[in-house]
There are 2 protein chains.
Amino acid sequence: MDGDIALSKVPGKGWADRAVAQAGKPVVSRKTVGRLSLYRRLLDNLRGTGTTHIYSHQLAHLAGVSAAQVRRDFMVIGYSGSPNRGYHVDTCLASIESLLDGATRQDVALVGVGRLGRSVLAHFAGRRPLLRIAAGFDTNPGVIGTTIEGCLVHSMDDLERVVAEKGIRIAILAVPPETAQAAADALVRSGIRSLVDFTAVPLHVPDEVFVDHMDITSALESAAFFARQDQGTPPMDNGVDNGSEADMFPMI
Amino acid sequence: MDGDIALSKVPGKGWADRAVAQAGKPVVSRKTVGRLSLYRRLLDNLRGTGTTHIYSHQLAHLAGVSAAQVRRDFMVIGYSGSPNRGYHVDTCLASIESLLDGATRQDVALVGVGRLGRSVLAHFAGRRPLLRIAAGFDTNPGVIGTTIEGCLVHSMDDLERVVAEKGIRIAILAVPPETAQAAADALVRSGIRSLVDFTAVPLHVPDEVFVDHMDITSALESAAFFARQDQGTPPMDNGVDNGSEADMFPMI
DNA sequence: CGAACGCCGTTACGCGTTTCACAAGTTACC
DNA sequence: GGTAACTTGTGAAACGCGTAACGGCGTTCG
């Protein structure tokens, strides 16, 4: 290898055979978890419409993935539907939620309460009872001490203390790129476990810390690039796809 | 298959041998383009520090990927460095930019000029001369007609007309989930080619349209999930990783 | 001047994910 | 009651991607 670093990736991890929930560590892939989160929202909406059962290809259509994908995802989390009846919305939702939400409430720190930070904050205001943005941090004296969307903003200087005290293990990073790494370091020192990074720069954190880099710049530049290619959806990745509505969805 | 859709994927495409720029269609994967965008930013910063040459493993460290990945990415776009000297920052940058930016300026539409839309707008204000957010759209009468960050906000009713007139082929979608699909449909009708979707719901668009779904909700819920697992970085996906600074980067 | 080192370009391999395809099961209808 | 048309669940292939490994070449030091 090159000189130094190890570069993410799962350590040794046999991964092995049955990936189903077992000793408390379900071993679900990143992408699967992302889709489950999406299924959850879709099913939640569906329940509001009074739908009680749904077929894999219907949910697949809503989520923009293949039916096989849906079935496989549910298989991973160990949820089974009934043949010829499809999946029961309520129990399916319960199954997903028990996996995603866990037992206890999790607090989130919002680091950087600027425009973007506030957007994200508003986006989540009381959306999930078990996932609450419990503290904000910023360097701007104008916002320190204020409460936005029910979230008290602290000074960045208090970050390590407050995060450690509250036992916060998840953080949203929405600071300018220059201070991103320093903020990430402070978060890691105070025991953070997961980061959602809206910064323009990649963060260097220990392997044990989960990082999702939401790179808006890359997203737009990629969009611009593929807009120039005449065939649209290039190789792979998360599909969203599909075209036209047509018949679809008899909805029971 | 299920009833209808086809689901992305590149058509036949041998991919085969040299995937380099050739007949104008480089055939570069989505992820590679994303990384190239990142390399571009990093190299741009680097040039500011006076660095003239850089090794693959150095750039890899900055980007949070493996050195082999960097070399392969550059191979894909047909850029060659010099052995024992590394990559020449200026020419490398030029090579990436010629691929990402293209020849002419591309205009972008911002649909939904709410909190999130404005954040993204500010994020991009004049960042790339060849990629300009040229028009905003919203239903809120309070913002229609105003100019934010040099971007005039139109009524949503004028979307199809303005987008078609200006020949806009890229759009950022930052509207409430209820109106997302309708907005996407309108954009598609007016000839959009790429979408960056910040909506909570997946969009149904023709296969020819490139879509990048920036799902903030999923990102946070995934982060919450993996925060509960003790080993951090789960299976795979875009790494960001790595740990500690240490020696790194003699910088010429 | 020669040899050893270090990096790049490239090919081959391995892994994870997605899709295909089929067995098993259940319901509804004739 | 039997049968036909659906579904789900799942093993196995296909695909794309990333990593490891190797040849080549320029540089540098003995």
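Proteins come first, then strands; the chains are lettered A, B, ... in the order of their sequence lines, and each starts at number 1.
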- Query: In whole angstroms, how far is the C1' atom of C:dC13 from the CD atom of B:Gln69?
  - Reply: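 Those two atoms, CD and C1', are 16 Å apart.
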- Message: Expressed as a whole number of angstroms, how long is the span from A:Asp73:CG to C:dT18:P?
- Response: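 Taking atom P of C:dT18 as the reference, CG of A:Asp73 is at 7 Å.
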- Message: Can you tell me which residue among A:Leu173, A:Asp215, A:Ile216, A:Leu116 is in a side chain to side chain contact (heavy atoms under 4.5 Å, CB included) with A:Thr199?
- Response: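 So the option named by the test is A:Leu173.
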- Query: Would you call B:Arg47 and B:Asp44 a salt bridge, taking side-chain N to carboxylate O under 4.0 Å as the test?
  - Reply: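 So B:Arg47 pairs with B:Asp44 through a salt bridge.
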- Query: Parallel, tilted or perpendicular: which describes the rings of B:His88 and B:His53, with under 30° parallel and over 60° perpendicular?
  - Reply: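 The rings of B:His88 and B:His53 sit tilted, inter-plane angle from 30° to 60°.
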- Query: Taking the six-membered ring for Trp, are B:Phe74 and B:Tyr87 parallel (under 30°), tilted (30 to 60°) or perpendicular (over 60°)?
  - Reply: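 Ring orientation of B:Phe74 relative to B:Tyr87: perpendicular.
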- Query: Does a donor on one side chain sit under 3.5 Å from an acceptor on the other, for B:Thr217 and A:Arg128?
  - Reply: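 No, because no side-chain N or O of B:Thr217 sits under 3.5 Å from a partner of the opposite role on A:Arg128.
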- Query: What closest approach, in Å, do B:Val70 and B:Leu59 show between heavy atoms, and which atom pair accounts for it?
  - Reply: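 Closest pair (atom of B:Val70, atom of B:Leu59, distance): CG1-CD2, 4.0 Å.
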- Going 5' to 3' through nucleotides 3-10 of chain C, assign each nucleotide B (protein heavy atom under 4.0 Å from a base atom), S (under 4.0 Å only from sugar-phosphate atoms) or - (no protein heavy atom that close). ----SSBB
- Query: Does any N or O in the side chain of B:His204 come within less than 3.5 Å of the main-chain N or O of B:Asp185, such that one atom is a donor and the other an acceptor?
  - Reply: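 Not a single qualifying donor-acceptor pair exists.
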- Item | Any A:Arg30 side-chain nitrogen or oxygen under 4.0 Å from OP1 or OP2 of C:dT17 |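 A:Arg30 to C:dT17 OP1/OP2: no side-chain N or O under 4.0 Å.
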- Message: Could you tell me if the side chain of A:Leu62 sits less than 4.5 Å from the side chain of A:Tyr39, heavy atoms only?
- Response: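 They are not in side-chain contact.
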- Query: How sharply is the helix from C:dC1-D:dG30 to C:dC30-D:dG1 bent, taking the axes over five pairs at either end and rounding to 10 degrees?
  - Reply: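 Answer for the end axes of this duplex: 10°.
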